[in-house]
Every structure is written in C-alpha cells, then in structure tokens.
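For ligands, and for the atoms within them, numbers begin at 1 and follow the listed sequence. Scope of the values below: all heavy atoms of this structure, side chains included, with no hydrogens, waters or symmetry mates.
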Amino acid sequence: MRFAVIGNPIAHSKSPEIHQAFAAQFGIELRYEKMLVERGQFSASMDDFFKTATGCNVTVPFKTDAFDYADRLSPAAQAAGAVNTLYKKAEGVFGDNTDGIGLVRDLQENLGLRLADARVLIVGAGGATRGVILPLLNAGVRSLTIANRTESKAEQLVGLFADTRLRACGFEALASESGFELIINATSASLTAEPLPLPDGVFACDGLAYDMVYGAKPTVFMQQADDRQMRVCDGLGMLIEQAAASFELWHQRRPQTAPVIEQLRAQLRKQL
Ligand code: NDP
C-alpha cells in the first residue's frame, strides 16, 4: 500500500515516521513518502498519485485544493472548508479533515481535560481555527470565543456556524473577560516568537493553555500562560492524533498514540 504527505515545503514533515510507527503496531507494511508539489500542480499530481496509491495527508498550502479535489466530503471536512486526508475508494476520492478530532482527542484523552461545559477561548481565526470549531462544539463546550487580531475574520468564521455558543471579538474586547478554562493559541505568532497582546484576566490559574505549534522549547504563548500559573501544552499530541485518525480511516484500525508521542517528544528533547 502506498501513502504520502503532500505539501510545500514538506522536508520537515514527521508524518512518514508517525505512520510507520503506527503500522509497526499491527505488522502492516506500507510505503509512506513525502511529496513536494508545486503550487498550481496539486490536481495533476493527485491524478497521477492515485493511479497507484491508496491515500495521502495534505498540508500547507494545499488543504483547500484537496477540498476541491475530493469527490465526496465528510461533515468535518465540509465544516472546515479544508481537507487534510484523501482516501481513494472504488466510488471516488473521499476527503476528510482529522485536525479537529485530533485536537479534541489530545485534550480529552491525553491531557484529561473535560471539554463538556468548558469556557473556551481560541486566539486566531485562520484555517486551523475553522477546522476545530465543529469538533469543539460537538464536545459540548459551554462557550467558544474566537479572538483575532483582524476582528472581521473572526466574525466571518462565527457566521459560518449557526451556534449561539460562538462569539467573535478583537483582542481589546478580551479586557472585560474573566479566566477561560481552556485557551488555544491557533495563531502562527509562535512561529515568529511574537507575544500575543492578551490581558492578564483571560488566564485562569487552574486552566489549560494549549499552543497548536510544537517544538523543542515552550512557545512564547506557553511562557506567557505559565507565568500566570496555567498548565501548558504544545500541539505535538494534536499532530499525532490527527495522523492516528487518518490511519484509522485507511486501515480500519486505531493505533496507540501514547508511545508515538513519547518517541517524538524524546527526539525534540535531544534538539535542546
Ligand atoms: P493561517 O495563516 O490560516 O492563520 C494565521 C492566524 O494567525 C490568523 O488568525 C492571523 O491573524 C494570526 N496571526 C499571525 N501572526 C500573528 C501575530 N503576530 N499576532 C496575532 N495574530 C497573528 O494559519 P493556520 O490557521 O493554518 O495555522 C495556525 C497555526 O496552527 C500554525 O502555526 C500551524 O502550524 C498550527 N497548526 C498545527 C496543527 C497541529 O497538528 N499541531 C494543525 C494545523 C495547524 P490575522 O487574521 O489578523 O492575520
């Protein structure tokens, strides 16, 4: 069976290693490669790829191209407006989005967080935020506030989901908020180590601050939250849980994620 992760750039991707670790748990032999595709070439590359392949993961900047490419879409992909997993079936190519379920499983199953009835703040209103809104709502959160530097983008996102638990705002409006049980950083600010202008009041000392970005060291956002006595975590578990959900779609078997999270965490520690 042949699989791949498609993106540009792609050299940094850990997906081949993650999928090989899952496959080893079941004695499955598979070929999983990294595929660098030029912008504008996604559809032609996929036509060629699926002549011999079963499925692929799709990453930046092709998640909306994959959405357009799929013949059928899961409800999660429809809500996200983006696809991170393609699966060639007899009746056509199926598109799913496992980022949201990956986040929810990491929060609930790995970190032991109770999402039901939680007050949640997401900072950022890009593709990653859109992909996690429906799974968080389905997990039963009490409220979901989306704060973005460009407020209009947060408003646009909230407008896509008819749910009274959702609220959009800019950063200034957070000054009147009290502590959230969960704050998710879904901005790309961590990649450039920029601190977010969040007022102290949003950090609840017994809550969890989760950065979707992961790395060898805590991000600036994680340091901000740690200074305010929040529990902090990065997005490595989300990465591995979204891969596990893709694996389950292709192989109808759910892999154990804890040993793979530990394996990749150990590699990150070695980079320090
Ligand atoms: P987008 O480019 O679609 O959105 C970026 C968001 O970040 C926008 O809301 C933007 O605000 C905001 N932003 C960027 N810089 C700043 C800043 N300096 N201050 C405040 N806000 C800022 O990115 P994605 O939504 O696709 O991804 C967001 C992050 O999530 C990425 O870092 C990505 O690596 C990570 N991610 C992790 C996953 C995982 O498995 N762990 C899965 C998917 C994503 P504005 O609208 O004002 O420009």
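Within the 4.0 angstrom cut-off, atom 2 (O) of ligand 1 has no protein heavy-atom neighbours. For atom 22 (C) of ligand 1, the nearest protein heavy atom lies closer than 4.0 Å. Less than 4.0 angstrom separates atom 47 (O) of ligand 1 from at least one non-hydrogen atom of the protein.
A donor-acceptor pair under 3.5 Å is formed between the side chain of Asn97 and the backbone N or O of Ala82. Counting only distance, with no hydrogens or angles, the side chain of Asp71 and the backbone of Val93 share a donor-acceptor pair below 3.5 Å. With hydrogens and angles ignored, the 3.5 Å screen pairs no side-chain donor or acceptor of Arg130 with any backbone N or O of Leu160. Side-chain N or O atoms of Glu181 include none that pairs as donor or acceptor with a backbone N or O of Gly207 at under 3.5 Å.
Looking at Asp99, Asn84, Asn148 and measuring to atom 10 (C) of ligand 1, the nearest heavy atom belongs to Asn148. When the heavy-atom distances from atom 36 (N) of ligand 1 to Gln156, Met212, Glu241, Glu151 are ranked, the shortest goes to Met212. With Ala186, Gly127, Gly126 as candidates, the residue nearest to atom 28 (C) of ligand 1 on a non-hydrogen basis is Ala186. The heavy atom nearest to atom 31 (C) of ligand 1, considering only Ala128, Gly100, Ser188, Pro61, is found in Ser188. Checking Gln242, Met238, Glu194 against atom 38 (C) of ligand 1, the nearest heavy atom belongs to Met238.
Against a heavy-atom cut-off of under 4.0 Å, Gly124 is close to the following atoms of ligand 1: 9 (O). In the vicinity of Ala125, heavy-atom distances shorter than 4.0 Å reach the ligand 1 atoms 9 (O). In the vicinity of Leu191, heavy-atom distances shorter than 4.0 Å reach the ligand 1 atoms 32 (O).
Remark: the Ser190 side chain and the Asn185 side chain contain an N/O donor-acceptor pair separated by less than 3.5 Å. With hydrogens and angles left out, the side-chain atoms of Asp96 and Thr85 include no donor and acceptor closer than 3.5 Å.
Of all non-hydrogen atoms in Gly95 and Ala77, the two that sit nearest each other are O-CB, 3.7 Å. For the pair Asn8 and Pro61, the tightest heavy-atom approach, listed with the atom from each and the gap, is O-CD, 3.5 Å.
For the pair Thr150 and ligand 1, the shortest N or O to N or O distance falls below 3.5 Å. Below 3.5 Å of separation, one finds an N or O of Gly235 facing an N or O of ligand 1. Checked against a 3.5 angstrom limit, the closest N/O atoms of Arg149 and ligand 1 fall inside it.
In this structure, His19 and Phe22 have perpendicular ring planes: the angle between them is above 60°, well past the 30° mark. By the 30° and 60° cut-offs, the orientation of the rings of Phe42 relative to Tyr69 is perpendicular. Using cut-offs of 30° and 60° for the angle between ring planes, the Phe221 and Phe203 rings count as tilted.
Under 4.0 Å from ligand 1, not a single heavy atom of Leu103 appears. For Leu196, every heavy-atom contact with ligand 1 shorter than 4.0 Å involves the side chain, none the backbone. Proximity of Lys153 to ligand 1, defined as any heavy-atom pair under 4.0 Å, is confined to the side chain (atoms from C-beta onward).
Summary of contacts: the protein heavy atom closest to atom 34 (O) of ligand 1 is Val213 CG2, 4.3 Å. For atom 12 (C) of ligand 1, the nearest protein heavy atom (residue, atom name, distance) is Thr187 CB, 3.7 Å.
To the nearest 0.5 Å, atoms OG (Ser246) and CG (Leu86) are separated by 10.0 Å.
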